[in-house]
Structures are given as structure tokens and as C-alpha cells.
Visitor: 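Have a look at the structure that comes next, please.
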Amino acid sequence: MTTTPLTDPARFRRIMGKFATGVTVVTWLRDGAPAGMTANAFMSVSLEPQLVLVSARNASRFSASVGIGDGFAINFLCDHQEDLSAHFGGKTCEGLGAMHTHGSGTPFLPESLAHLIVRTVDIHPAGDHKLYVAQVLALEERDAVAPLLFYGGRYGRLAAPPSCHA
């Protein structure tokens, strides 16, 4: 294993890509219209109260639109939803990204593996990003659907579990 000083942002990004993650699309209201962005910088923070964290670039539309007290949704993508990830990642595809509206007014993707409806309770500056801590207000999941994964700059899927033979 080679250890070198932190000087190359491209190398740092490549190494961070060695950590496999799920893929989410964060959805919110921007100037009264539904908006979304693909994000894999998401994590659970606390069970009591139920808190989650999303990291967003300072220059993002999300950071320009969402403040403390604002709601948004975190939609976990299914293994067949690479097109939605690309769409909300900036490669817009006509006809993709239809959203429903939760009773709170927050837009969400109804065909996702799961979605959380949340409200921002804290925002922390972190270099060129902001960390959004949000309380979970509602959640929903679908059964028997596999997640979309991201590793090394590519999408992936869970391997079938090995069969056990006695």
C-alpha cells in the first residue's frame, strides 16, 4: 500500500470511489417547482430522533434553495434506475423524473426503492460542501427490489447470494 500526501484532488476522488455506496436522488421544491439531484453522499445519523445527512456542493441548486426548516426527500434508487440517476445528475432525458407530492408538499419519486420525507434541522459548512442534517418526517419502502450501487465511477448491482449445499 502506498501512502502519499494529500495534494491531488483527482486522486482523492478516485480513492473515495473505492467506497461502494447506494445511489439516491434528493428532491425538493425550487422556486415552487420540483427539482432533484443525484447524490451518493448520504448517511443515517441518529435513531432517536431519526436524523439523516446529505452532503451537497456549495454551488449546487440544492444549496441555493434549501435552508433550515425546509423539506426535501431522499429517494433510494432501484437497480434498474440508472437512467434516473443520470437524469438528475445532469444528463437530462425527456420524460424521466416524474414526481409525486407528499402531503407536506415535498416532491418524491414514487418508483424508488424507498424514500424519506425530511425537514432540515441543521446545516454545517464543510469545505466546498454543506452538510444538511434533516429529521425524518415520513418514510416508505418497496419490497423485493434490489438497490442501485455505485463503485469506482460505475453503477453496480448486488450479486446473488451464494447457495448453500448441505
Side-chain angles (χ1 to χ4, degrees), residues 6-17 19-46 49-78 81-141 147-155:
L6 294 177
T7 57
D8 181 4
R11 183 165 188 255
F12 178 72
R13 182 180 177 121
R14 185 178 70 252
I15 289 171
M16 290 300 98
F19 183 72
T21 66
V23 181
T24 70
V25 169
V26 176
T27 52
W28 71 97
L29 287 176
R30 180 177 184 223
D31 299 326
M37 71 172 185
T38 300
N40 65 350
F42 160 78
M43 64 182 272
S44 161
V45 173
S46 169
Q50 294 175 356
L51 299 172
V52 295
L53 181 144
V54 172
S55 178
R57 284 181 303 117
N58 291 335
S60 70
R61 295 177 303 143
F62 181 81
S63 290
S65 303
V66 177
I68 291 178
D70 292 334
F72 60 96
I74 302 155
N75 306 273
F76 302 1
L77 295 189
C78 302
Q81 293 181 310
E82 284 181 35
D83 55 347
L84 277 178
S85 176
H87 174 75
F88 288 106
K91 297 176 184 166
T92 305
C93 301
E94 191 67 33
L96 286 180
M99 296 185 212
H100 286 191
T101 304
H102 182 262
S104 66
T106 303
F108 68 94
L109 298 170
E111 298 302 317
S112 58
L113 174 64
H115 61 264
L116 310 174
I117 306 298
V118 302
R119 181 180 51 81
T120 308
V121 295
D122 212 352
I123 302 171
H124 300 274
D128 60 359
H129 278 62
K130 291 178 185 164
L131 305 178
Y132 289 79
V133 178
Q135 185 167 10
V136 177
L137 304 176
L139 42 84
E140 189 171 327
E141 66 185 315
L148 180 61
L149 302 177
F150 198 72
Y151 175 79
R154 288 186 241 173
Y155 294 105

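The shown structure was predicted, so the numbers you read here are calculated from the model rather than taken from an experiment.
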Visitor: For Val25, does its backbone N or O pair with a side-chain atom of Asn75 as donor and acceptor, under 3.5 Å?
Guide: yes
Visitor: Just distance, no hydrogens or angles: give the donor-acceptor pairs under 3.5 Å from side chains in residues 110-117, sequence neighbours left out.
Guide:
| residue | atom | partner | partner atom | Å |
| --- | --- | --- | --- | --- |
| Ser112 | OG | Leu109 | O | 2.8 |
| Ser112 | OG | Ala114 | O | 3.1 |

Visitor: Looking at OG1 of Thr120 and CD of Gln135, how far apart are the two atoms once the value is rounded to the nearest 0.5 Å?
Guide: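 Here the interatomic distance stands at 11.0 Å.
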Visitor: If the condition is side chain to side chain donor-acceptor pair (under 3.5 Å), which residues does Thr24 pass it with, not counting sequence neighbours?
Guide: none
Visitor: Any non-hydrogen side-chain atom of Arg61 less than 4.5 Å from a side-chain atom of Trp28?
Guide: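 With C-beta onward as the side chain, the pair touches.
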Visitor: Which value, rounded to the nearest 0.5 Å, describes the distance between Met37 atom CE and Phe72 atom CZ?
Guide: 8.0 Å
Visitor: For Tyr155, what residues pass the side-chain contact (heavy atoms from CB on, under 4.5 Å) criterion, not counting sequence neighbours?
Guide: Val23, Glu82, Ser85, Leu148, Phe150
Visitor: State, to 0.1 Å, how close Arg119 and Gly69 come at their nearest heavy-atom pair, and which atoms those are.
Guide: CG-O, 3.4 Å
Visitor: Which heavy atom of Thr106 sits nearest a heavy atom of Ala73, and at what distance?
Guide: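 Scanning both residues, the minimum pair turns out to be CG2-N, 3.6 Å.
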Visitor: Check side chain to side chain donor-acceptor pair (under 3.5 Å) between Ser46 and all other residues, then give those that pass, not counting sequence neighbours.
Guide: none
Visitor: Which donor-acceptor pairs under 3.5 Å do the side chains of residues 123-132 make with protein atoms, sequence neighbours left out?
Guide:
| residue | atom | partner | partner atom | Å |
| --- | --- | --- | --- | --- |
| His124 | NE2 | Asp122 | OD2 | 3.1 |
| Tyr132 | OH | Ser63 | OG | 3.3 |

Visitor: Can you tell me how far NE2 of His102 sits from NE2 of His100, rounded to the nearest 0.5 angstrom?
Guide: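 Here the rounded value is 13.0 Å.
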Visitor: Give every residue pair that meets the side-chain hydrogen bond (donor to acceptor under 3.5 Å, both in side chains) criterion with at least one member in residues 30-41, sequence neighbours excluded.
Guide: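 Residue pairs passing side-chain hydrogen bond (donor to acceptor under 3.5 Å, both in side chains), neighbours aside: Thr21-Asn40.
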Visitor: Considering all heavy atoms of both residues, which atom of Met99 and which atom of Ala35 are nearest to each other, and what is their separation?
Guide: CE-O, 3.7 Å
